[in-house]
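Contents: one structure, followed by commentary.
Every value quoted in this text rests on a predicted model; they were computed, and no experiment measured them. Here is the naming used below: chain letters follow the sequence lines, and residue numbers restart at 1 for every chain.
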Protein chains: 2
Amino acid sequence: MKLTTRGRYAVTAMLDLALHGKDGPISLADISSRQDISLSYLEQLFAKLRRGELVSSVRGPGGGYRLSRSEEAINVADIIDAVNESTDATNCGGKGICQNGEMCLTHHLWDDLSTQIHLFLSGISLAQLTRKEHVQSICERQDGHESAANNPQNLIETETVNA
Amino acid sequence: MKLTTRGRYAVTAMLDLALHGKDGPISLADISSRQDISLSYLEQLFAKLRRGELVSSVRGPGGGYRLSRSEEAINVADIIDAVNESTDATNCGGKGICQNGEMCLTHHLWDDLSTQIHLFLSGISLAQLTRKEHVQSICERQDGHESAANNPQNLIETETVNA
DNA sequence: TATTTACTTGACTAAAAGAGTGGGTTATTT
DNA sequence: AAATAACCCACTCTTTTAGTCAAGTAAATA
Ligand code: FES
Ligand code: FES
């Protein structure tokens, strides 16, 4: 499998949407400033998320994106699949053909691993994430900074790291 | 996390070693022909595996590699760690600093995922893999081909692909 | 209807990582 | 000494990522 910044950004952005989108659509510019993700990059990601029918868009002033289903009905695996095109850990794409068209020694292992990862990620919904207390506290911190994102006063995270 | 051909090759090669290394060291040339992995590439991988103390080497004619511990004492996570340097799924290397030195919204999620993957992979030993019946049957097939690896008669994999 | 706001699309690029190659050196056996 | 196999190093080629840019489209408001 490949889990890269793309998938991580996508989940982060979707979670931001779940947290802030209670009343009305959220613009990508807002997400960009809160989550420190390049606006143009977000546009790319949301194009895929929209194709995957995870979000819907509202154009015009005051527009933005909203979740196209309830928070409960969107899980992390959905999001990663939408932007990444697979959480597959095999080399052969699950077909069992990576050694001259025949199955390699370790195919089943990677296949099992893929299943595990998918089970884990598909068992976590956006709703569950929003309920976690550490998510809520980080969310509050980000709402505080908002456009004061460049403020250096909050860079004292040493105790958090050494926990 | 990153799971690439490198990690997959390493596990495959180690499994080959476990399957064939009962009496005496196995040369990389043997593994190369059985598993269709470039010899030079195997050398790179085994340099790392040796540094990770998973295999020990015997030089000279009749030499090769053997497992440096019992099959039971080597698990898949060990192997991947040795060649890959981490099964970490976070962006921040587990430090919680990927948003301007502060923790991003989804840090805990990736951290949990890393733990899951590591638990799964470290629960599977080489010994367990060698006992699986599909591994044994693939192993026999490969022993059959052996140096007849270039034989074109086995390239008829169309039906397998279109399954 | 003109303007604003914001989403849409696609091409493009720099940098990194991955996969694989090649040449030469050292140790060991026969 | 000759053959064998590990060891080491540096290098290339390709793919993927992450991110940018610019031109365009649609909707809402004044
Ligand atoms: S990973 Fe599926 S055949 Fe090798
Ligand atoms: S992944 Fe650890 S802080 Fe973002």
Side-chain angles (χ1 to χ4, degrees), chain A residues 1-13 17 21 24-33 35-66 68 80 83-86 88-89 91-93 98-99 104, chain B residues 1-10 12-13 17 20-21 24-33 35-68 80 83-86 88 91 98-99 104:
Chain A
M1 91 157 303
K2 57 184 165 189
L3 178 53
T4 100
T5 311
R6 181 151 83 234
R8 279 188 291 256
Y9 277 176
V11 176
T12 302
L17 207 49
I26 301 297
S27 75
L28 292 189
D30 284 358
I31 300 180
S32 169
S33 75
Q35 306 302 335
D36 288 318
I37 305 174
S38 138
L39 178 58
S40 306
Y41 202 37
L42 274 177
E43 285 171 349
Q44 268 186 53
L45 297 180
F46 273 76
K48 300 193 183 202
L49 293 172
R50 206 177 60 91
R51 267 176 246 132
E53 302 191 324
L54 297 179
V55 296
S56 56
S57 61
V58 180
R59 310 184 104 169
Y65 286 95
R66 60 163 55 104
S68 63
I80 293 184
V83 298
N84 243 14
E85 30 251 32
S86 98
D88 188 16
N91 185 34
C92 60
C98 87
Q99 186 179 17
C104 75
Chain B
M1 93 156 302
K2 56 185 164 186
L3 178 52
T4 97
T5 311
R6 181 150 84 235
R8 279 187 291 256
Y9 277 176
T12 302
L17 207 49
H20 295 90
I26 301 296
S27 75
L28 292 188
D30 284 358
I31 300 180
S32 169
S33 76
Q35 307 301 334
D36 288 316
I37 305 173
S38 135
L39 178 57
S40 306
Y41 202 39
L42 274 178
E43 284 173 349
Q44 274 185 49
L45 297 180
F46 273 77
K48 299 193 184 204
L49 293 171
R50 207 174 58 93
R51 268 178 243 132
E53 301 190 325
L54 296 179
V55 297
S56 56
S57 62
V58 180
R59 303 182 114 183
Y65 287 93
R66 59 164 57 103
L67 300 179
S68 63
I80 293 184
V83 297
N84 242 12
E85 27 254 33
S86 100
D88 188 17
N91 184 33
C98 85
Q99 186 179 18
C104 75

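- Interatomic distance, CD of B/Gln35 versus CG of B/Asp30, reported as 11.0 Å (0.5 Å rounding).
- Look at CG on B/Leu39: it is 12 Å from C1' on D/dT4, rounded to the nearest Å.
- At least one side-chain nitrogen or oxygen of A/Thr5 sits closer than 4.0 Å to the OP1 or OP2 atom of D/dA18.
- Applying the 3.5 Å distance criterion, the base of C/dT21 shares a donor-acceptor pair with the side chain of B/Gln44.
- Whole-Å rounding puts the A/Lys48 NZ to D/dT17 C1' distance at 11 Å.
- At a cut-off of 3.5 angstrom, the base of D/dC7 holds at least one donor-acceptor pair with the side chain of B/Glu43.
- If you measure from atom CG of A/Leu49 to atom C1' of C/dC7, you get 14 Å, rounded to the nearest angstrom.
- Between A/Lys2 and D/dT17, a side-chain N or O to OP1/OP2 separation shorter than 4.0 Å is present.
- Separating the CZ atom of B/Arg50 from the C1' atom of D/dC7 is a distance of 7 Å, rounded to the nearest angstrom.
- Look at A/Ser57 and you'll find a side-chain N or O under 4.0 angstrom from OP1 or OP2 of C/dT8.
- Taking the six-membered ring where tryptophan is involved, the planes of B/Tyr9 and B/Tyr41 are perpendicular, since the angle between them exceeds 60° and thus also 30°.
- The separation between A/Leu45 atom CG and C/dT9 atom P is 14 Å, rounded to whole Å.
- Using a 4.0 Å cut-off, no side-chain N or O of B/Arg66 falls inside it from OP1 or OP2 of D/dA6.
- When the side-chain nitrogen and oxygen atoms of B/Arg59 are compared with OP1 and OP2 of C/dT29, none of them lie within a distance under 4.0 Å.
- Here B/Ser38 reaches the OP1 or OP2 of C/dT21: one of its side-chain N or O atoms lies under 4.0 Å away.
- Across every non-hydrogen atom of A/Val58 and A/Arg66, the tightest pair is CG2-NH1, 3.6 Å.
- A/Ser40 comes within 4.0 angstrom of a nucleotide base, judged by non-hydrogen atoms across all strands.
- Within the 4.0 Å cut-off from OP1 or OP2 of C/dG18, not a single side-chain nitrogen or oxygen of B/Tyr9 is found.
- Spacing between atom CZ of A/Arg6 and atom P of D/dG19 amounts to 11 Å, rounded to whole angstrom units.
- Within 6.0 Å of CD in B/Glu43 there are more than 12 heavy atoms belonging to other residues, nucleotides or ligands.
- At least one side-chain heavy atom of B/Ser57 sits under 4.5 Å from a side-chain heavy atom of B/Tyr65.
- Between B/Tyr41 atom OH and D/dC7 atom P there is a gap of 18 Å when expressed in whole angstrom units.
- When each of C/dG18, D/dA3, D/dC7 is scored by its nearest atom to the side-chain atoms of B/Tyr65, the top-ranked nucleotide is D/dC7.
- Rounded to a whole Å, the CG atom of A/Leu17 is 11 Å from the P atom of C/dC7.
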